[in-house]
A.B. asks: 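This is the structure I have questions about; it appears just below.
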Amino acid sequence: MKTTRAHPVPDPGSHLLELKHVVKHFDISGGLLDQLRFESGRLTRQRTTVKAVNDVSFAIAPGETFSVVGESGCGKSTLARTTIGIYPPNHGQILYREERIDNKSAQAMLPFRRRMQMIFQDPYASLNPRKTVRQTLEEPVVFHNPAISTDQVEARVAEVMSQVGVDPKWVGRYPHEFSGGQRQRISIARA
Ligand SMILES: Nc1ncnc2c1ncn2[C@@H]1O[C@H](COP(=O)(O)OP(=O)(O)OP(=O)(O)O)[C@@H](O)[C@H]1O
Ligand SMILES: [Mg+2]
């Protein structure tokens, strides 16, 4: 896995996101019976782990675009998922604006979830086919602003649609009624 950046390494203290020696291994041993092996006349128990992310460190400054590049299966998606807290890391630290977020409870993570969003690889799989664009885009707005009025929600949904270049008059359409590129932009609007 290779990491590339558009600017020199940012000064410490100005980091938006920093990863220090992050490790994520998956235990794929299965149940106890799957783990048992018969070797040299003895029954032994073996655990199998996938070392998806092994000791990754980097820092990103505000406004910087940072890419992680590597062959299929080298751990890029696992790294992204671990960074935003979908998986807990086995080792290492993840800091958002100098504050550790890898050891926070789900409740304590809520303010950070508003600020860190994932745009998924396949928008057709990540958009709910039974929900209109309006329903899909309203959900995060209301979740993060429980006191917001109906008019404000509608205005915010129209605003994000315009920002990503999808006409707000299509707000009542379903994902299959858009092109692949438009669906990708709706995913970005949701994020
Ligand atoms: N939940 C999981 N449980 C067990 N192993 C997993 C899990 N998720 C990913 N892996 C394994 O971890 C390794 C890294 O997978 P990952 O999805 O991070 O790769 P990737 O770099 O995103 O690949 P691609 O470019 O194909 O999307 C792979 O060997 C994969 O099989
Ligand atoms: Mg991937």
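The first residue in the sequence is number 1, and the count goes up from there. Whatever order the structure lists ligands and atoms in, that order sets their numbers, starting from 1. Keep in mind that what you see is a predicted model, and the values were worked out from it rather than measured.
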A.B. asks: Atom 25 (O) of ligand 1: which protein heavy atom is closest, and how many Å away?
C.D. replies: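 Minimum-distance protein heavy atom for atom 25 (O) of ligand 1 reads Lys76 NZ, 2.7 Å.
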
A.B. asks: Going from NZ on Lys20 to CZ on Arg100, what distance comes out if it is rounded to the nearest 0.5 angstrom?
C.D. replies: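 So the gap between those two atoms works out to 8.5 Å.
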
A.B. asks: Are Leu79 and Val68 side-chain neighbours, meaning at least one heavy-atom pair lies under 4.5 Å?
C.D. replies: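 With C-beta onward as the side chain, the pair touches.
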
A.B. asks: Going by heavy atoms, is Gly70 under 4.0 Å from ligand 1?
C.D. replies: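 No, Gly70 has no heavy atom closer than 4.0 Å to ligand 1.
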
A.B. asks: Using a 4.0 Å heavy-atom threshold (strictly under), name the region of Thr78 that reaches ligand 1: side chain, backbone, both or neither.
C.D. replies: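 Both the backbone and the side chain of Thr78 come within reach of ligand 1.
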
A.B. asks: What's within reach of the Mg ion (ligand 2), meaning protein N/O/S atoms under 2.8 Å?
C.D. replies: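 Protein N, O or S atoms closer than 2.8 Å to the Mg ion (ligand 2): Ser77 OG.
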
A.B. asks: CG of Asn145 to CZ of Arg156: how many Å apart, nearest 0.5 Å?
C.D. replies: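 It is 8.5 Å, given to the nearest 0.5 Å.
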
A.B. asks: Transitively linked via ILVMFWY side-chain contacts under 4.5 Å: Ile60 with Val22?
C.D. replies: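 Yes, Ile60 and Val22 fall within the same hydrophobic cluster.
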
A.B. asks: What residue and atom, counting heavy atoms only, is the protein's closest point to atom 5 (N) of ligand 1, and at what distance?
C.D. replies: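 Going by distance alone, atom 5 (N) of ligand 1 is nearest to Phe26 CD1, 3.4 Å.
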
A.B. asks: Would a hydrophobic clustering, with Ile, Leu, Val, Met, Phe, Trp and Tyr connected at side-chain separations under 4.5 Å, put Ile84 with Ile94?
C.D. replies: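 The answer is yes; both residues are in one hydrophobic cluster.
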
A.B. asks: Take atom CD of Glu71 as the centre, draw a 6.0 Å sphere, and report whether it contains more than 12 heavy atoms from other residues, nucleotides or ligands.
C.D. replies: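 Atom CD in Glu71 is not packed in, count stays at 12 or less.
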
A.B. asks: Any idea which protein heavy atom is nearest atom 27 (O) of ligand 1, and the distance to it?
C.D. replies: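 Result: Gln121 NE2, 3.8 Å.
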
A.B. asks: More than 12 heavy atoms of other residues, nucleotides or ligands under 6.0 Å from CD of Gln107: yes or no?
C.D. replies: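 Count not over threshold, so no.
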
A.B. asks: How long is the span from the CG atom in Asn54 to the NZ atom in Lys51, to the nearest 0.5 Å?
C.D. replies: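 If we round to the nearest 0.5 Å, Asn54:CG and Lys51:NZ are 6.5 Å apart.
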
A.B. asks: Among all protein heavy atoms in this structure, tell me which lies nearest to atom 14 (C) of ligand 1, with the distance rounded to 0.1 Å.
C.D. replies: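 Looking at atom 14 (C) of ligand 1, the protein heavy atom closest to it is Gly73 O, 3.3 Å.
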
A.B. asks: Can you tell me which residue among Arg134, His144, Lys131 is in a side-chain hydrogen bond (donor to acceptor under 3.5 Å, both in side chains) with Glu139?
C.D. replies: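 When Arg134, His144, Lys131 are each tested with Glu139, the side-chain hydrogen bond (donor to acceptor under 3.5 Å, both in side chains) holds only for Lys131.
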
A.B. asks: Short list, please: which atoms of ligand 1 are under 4.0 Å from a heavy atom of Tyr87?
C.D. replies: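 Answer for ligand 1: 1 (N).
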
A.B. asks: Is Arg115 close enough and on-axis enough to Tyr96, meaning under 6.0 Å and within 45°, for cation-pi?
C.D. replies: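 No; the conditions do not both hold, so Arg115 does not lie above the ring face of Tyr96.
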
A.B. asks: Backbone, side chain, both or neither: what part of Leu79 comes under 4.0 angstrom of ligand 1, heavy atoms only?
C.D. replies: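 For Leu79, no heavy atom sits under 4.0 Å from ligand 1.
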
A.B. asks: Report the distance from atom CD of Glu154 to atom CD of Glu138, rounding to the nearest 0.5 Å.
C.D. replies: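 Taking CD in Glu154 and CD in Glu138, the distance rounds to 8.0 Å.
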
A.B. asks: Any protein heavy atom lying closer than 4.0 Å to atom 30 (C) of ligand 1?
C.D. replies: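 So atom 30 (C) of ligand 1 lacks protein heavy-atom neighbours under 4.0 Å.
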
A.B. asks: Can you find a heavy atom in the side chain of Val23 that is under 4.5 Å from one in the side chain of His25?
C.D. replies: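 Yes, their side chains come closer than 4.5 Å.
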
A.B. asks: Among all the protein's non-hydrogen atoms, which is closest to atom 26 (O) of ligand 1, and how far away is it?
C.D. replies: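 For atom 26 (O) of ligand 1, the nearest protein heavy atom is Ser72 OG, 2.6 Å.
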
A.B. asks: Among Ala52, Ala80, Ser77, which residue places a heavy atom closest to atom 17 (O) of ligand 1?
C.D. replies: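 Shortest heavy-atom distance from atom 17 (O) of ligand 1: Ser77.
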
A.B. asks: In the protein, what heavy atom is nearest to atom 11 (C) of ligand 1, and what distance, to one decimal place, separates them?
C.D. replies: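 Heavy-atom neighbour on the protein nearest atom 11 (C) of ligand 1: Val50 CG1, 3.8 Å.
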
A.B. asks: Short check: is a protein heavy atom less than 4.0 Å from atom 23 (O) of ligand 1?
C.D. replies: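 Given the 4.0 Å cut-off, atom 23 (O) of ligand 1 counts as touching protein heavy atoms.
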
A.B. asks: CD/Gln46 to CZ/Arg37 distance, rounded to the nearest 0.5 angstrom?
C.D. replies: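 That separation rounds to 5.0 Å.
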
A.B. asks: What are the atoms of ligand 1, with element, lying closer than 4.0 Å to any heavy atom of Ile28?
C.D. replies: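 Result: 4 (C).
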
